[in-house]
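Worth knowing before you read on, the calculation uses all heavy atoms, side chains too, and leaves out hydrogens, waters and symmetry mates.
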Amino acid sequence: MYKIINEKEEERWNLQLESHRKVRRWWLPPLISFLILAIIGLRRHSVYVGWQLTHKERKPIAETPRDYGLSYK
């Protein structure tokens with residue numbers, strides 16, 4: 001009798017373990033996809049910020065030292 005109870009209990013545990021594995025598996029692909037998209041987004045953002053910092057719009061020089069009473073050549 002003890003062996004039968006153990007077999008039934010073991011079968012129940014196996015079913016629970018299998019259901020836990022199925023539950024654990026469904027979120028893995030979306031999580032990996034989200035992480036990949038987040039990494040791509042962060043890289044694009046850092047490239048954009050770097051580009052903006054190193055490629056400013058050029059403005060013509062409108063003032064000279066003479067405007068402030070200084071001499072220059």
Practice task
Only counting residues at least two apart or in another chain, list the ones meeting side-chain hydrogen bond (donor to acceptor under 3.5 Å, both in side chains) with Y68.
Solution key: E63
Exercise for the section: Not counting sequence neighbours, which residues clear side-chain contact (heavy atoms from CB on, under 4.5 Å) with T64? List them please. Expected result: R66, D67, Y72
Pairs of donor and acceptor atoms involving the side chains of residues 40-53, under 3.5 Å and at least two apart or interchain, shall be tabulated with distances.
| residue | atom | partner | partner atom | Å |
| --- | --- | --- | --- | --- |
| S46 | OG | L42 | O | 3.4 |
| S46 | OG | R43 | O | 2.9 |

Practice task
State yes or no: do I39 and L31 share one hydrophobic cluster built from I, L, V, M, F, W and Y residues joined by side-chain heavy-atom distances below 4.5 Å, directly or via other members?
Solution key: no
